[in-house]
Amino acid sequence: MPLNIRGVEIHQHILDRPAQEAMVEELRAVQAAAPLFSPKTRWGKEMSVRMTSAGKYGWYSDARGYRYEARHPDGGAWPPIPPSVLALWHDLTGLARAPDCCLINYYGETARMGLHQDRDEADFTWPVMSVSLGDDGLFRIGNEARGGKTESIWLASGDVAMLTGASRLLHHGIDRIRPGSSTLLARGGRINLTCRVVD
DNA sequence: AAGTAACA
DNA sequence: CTAT
């Protein structure tokens, strides 16, 4: 049974080491076709996390705000979502519907992500699946509205967090990673995948 | 505010 | 340094 924090279901080490390695190998191909980039916020600040996407849409941000785009900023379509990620999605959600977007976030040693909601999708009844690979990340879970108390948990490589039901619109973020805590990624750092149904 | 800084 |  998964841990439950404010309705967020956290499946610890649901992926064993070989499964993590296989997923990373598939993600290498995605990054080769759709290179990582650092989006800018509406206020012109570059995010510390580098990202790319796979699937029908990719998440994007610039001076116009947050949105999903059908193409990488370089102009090409996003690569397909890797089979291992789709298999995990169908296994954990029980849904026949595939996600439209697999956002790939790469956290270097000093990367962070402030508290935010995933609310650029059309229908919040679909869950969001978040997969951690590589170094540990300190995950903070807040409330639907900004402010108030929060709870934190260290996410490790192979952990999967599901934002589902009433927890779907909770604020969440990564305070920091723990550099060198995993040997999964040759260059270190942390990869987080978030799969969403967009349309 | 998917950001940053100040302060305890 | 970490937590808020």
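The chains referred to below are lettered A, B, ... by the order of the sequence lines, with proteins before strands, and numbering in each begins at 1. Computed from a prediction, not measured in an experiment: that's the story for all the values here.
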If pairs are Watson-Crick or G-U with both distances under 3.5 Å, what is the dot-bracket string of DNA chain B, marking crossing pairs with [ ] and pairs to another strand with |? .....|.|

Report which part of the nucleic acid [X] touches: base, sugar-phosphate, or nothing (heavy-atom distance under 4.0 Å, all strands).
X	result
A:Arg112	sugar-phosphate
A:Ser61	nothing
A:Asp62	nothing
A:Arg178	nothing
A:Arg176	sugar-phosphate

Between A:Ile10 and A:Asn4, does a side-chain contact (heavy atoms from CB on, under 4.5 Å) hold up when you go through it step by step? CA-CA 6 Å; A:Ile10 298 168; A:Asn4 187 308; over 6 Å; no

N/O (side chain, A:Arg146) to phosphate O (OP1/OP2, B:dG3) under 4.0 Å: no

In whole Å, I'd like the distance from the [atom1] atom of [X] to the [atom2] atom of [N].
X	N	atom1	atom2	result
A:His116	B:dG3	NE2	C1'	13 Å
A:Trp43	B:dT4	CH2	P	12 Å
A:Asp120	B:dA1	CG	C1'	13 Å
A:Leu169	B:dA2	CG	P	13 Å
A:Met51	B:dA2	CE	P	12 Å
A:Glu46	B:dA1	CD	P	21 Å
A:Gln117	B:dA2	CD	C1'	11 Å
A:His172	B:dA2	NE2	C1'	9 Å

Listed pairs under 3.5 Å, donor-acceptor, residues 94-103 of chain A side chains, sequence neighbours left out:
{"from": "A:Arg97", "atom 1": "NH1", "to": "A:Asp100", "atom 2": "OD1", "distance (Å)": "3.2"}
{"from": "A:Asp100", "atom 1": "OD2", "to": "A:Val198", "atom 2": "N", "distance (Å)": "2.7"}
{"from": "A:Asp100", "atom 1": "OD2", "to": "A:Asp199", "atom 2": "N", "distance (Å)": "3.1"}

Among all residues two or more places apart in sequence or in another chain, which pass the ring pair (Phe, Tyr, Trp, His ring centres under 6.0 Å) test with A:Tyr60?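 Once residues adjacent in sequence are excluded, the partners of A:Tyr60 under the ring pair (Phe, Tyr, Trp, His ring centres under 6.0 Å) criterion are A:Phe37.
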
The criterion is ring pair (Phe, Tyr, Trp, His ring centres under 6.0 Å); which residues satisfy it with A:His13, sequence neighbours excluded?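 By the ring pair (Phe, Tyr, Trp, His ring centres under 6.0 Å) rule, A:His13 matches no residue at all.
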
Stepwise side chain to side chain donor-acceptor pair (under 3.5 Å) check, A:Tyr106 with A:Gln31: CA-CA 11 Å; A:Tyr106 176 75; A:Gln31 288 181 44; over 6 Å; no

Taking B:dT4 as the reference, what is the distance to B:dA8 when you measure between their P atoms (whole Å, please)? 23 Å

Solution key, residues 21-30 of chain A side-chain donor-acceptor pairs under 3.5 Å, sequence neighbours excluded:
{"from": "A:Glu21", "atom 1": "OE2", "to": "A:Arg17", "atom 2": "NE", "distance (Å)": "2.8"}
{"from": "A:Glu25", "atom 1": "OE1", "to": "A:Arg28", "atom 2": "NE", "distance (Å)": "3.2"}
{"from": "A:Glu25", "atom 1": "OE1", "to": "A:Arg28", "atom 2": "NH2", "distance (Å)": "2.9"}
{"from": "A:Glu26", "atom 1": "OE1", "to": "A:Ser84", "atom 2": "N", "distance (Å)": "3.1"}
{"from": "A:Glu26", "atom 1": "OE1", "to": "A:Ser84", "atom 2": "OG", "distance (Å)": "2.4"}

A:His116/A:His172 aromatic ring centres below 6.0 Å: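 Ring centres of A:His172 and A:His116 closer than 6.0 Å.
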
Report yes if the distance between the aromatic ring centroids of A:Trp59 and A:Tyr66 is under 6.0 Å, otherwise no. yes

Check each of A:Asp120, A:Asp123, A:Asp118 against A:Arg196 using the salt bridge (charged side-chain N to carboxylate O under 4.0 Å, His left out) test, and report the only one that passes. A:Asp118

Quick one: does A:Pro39's side chain get under 4.5 Å of A:Asp62's, heavy atoms only?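 Counting from C-beta outward, A:Pro39 and A:Asp62 never come under 4.5 Å.
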
Span of DNA chain C engaged by chain A, first through last nucleotide within the 4.0 Å heavy-atom cut-off, is C:dT2 to C:dT4

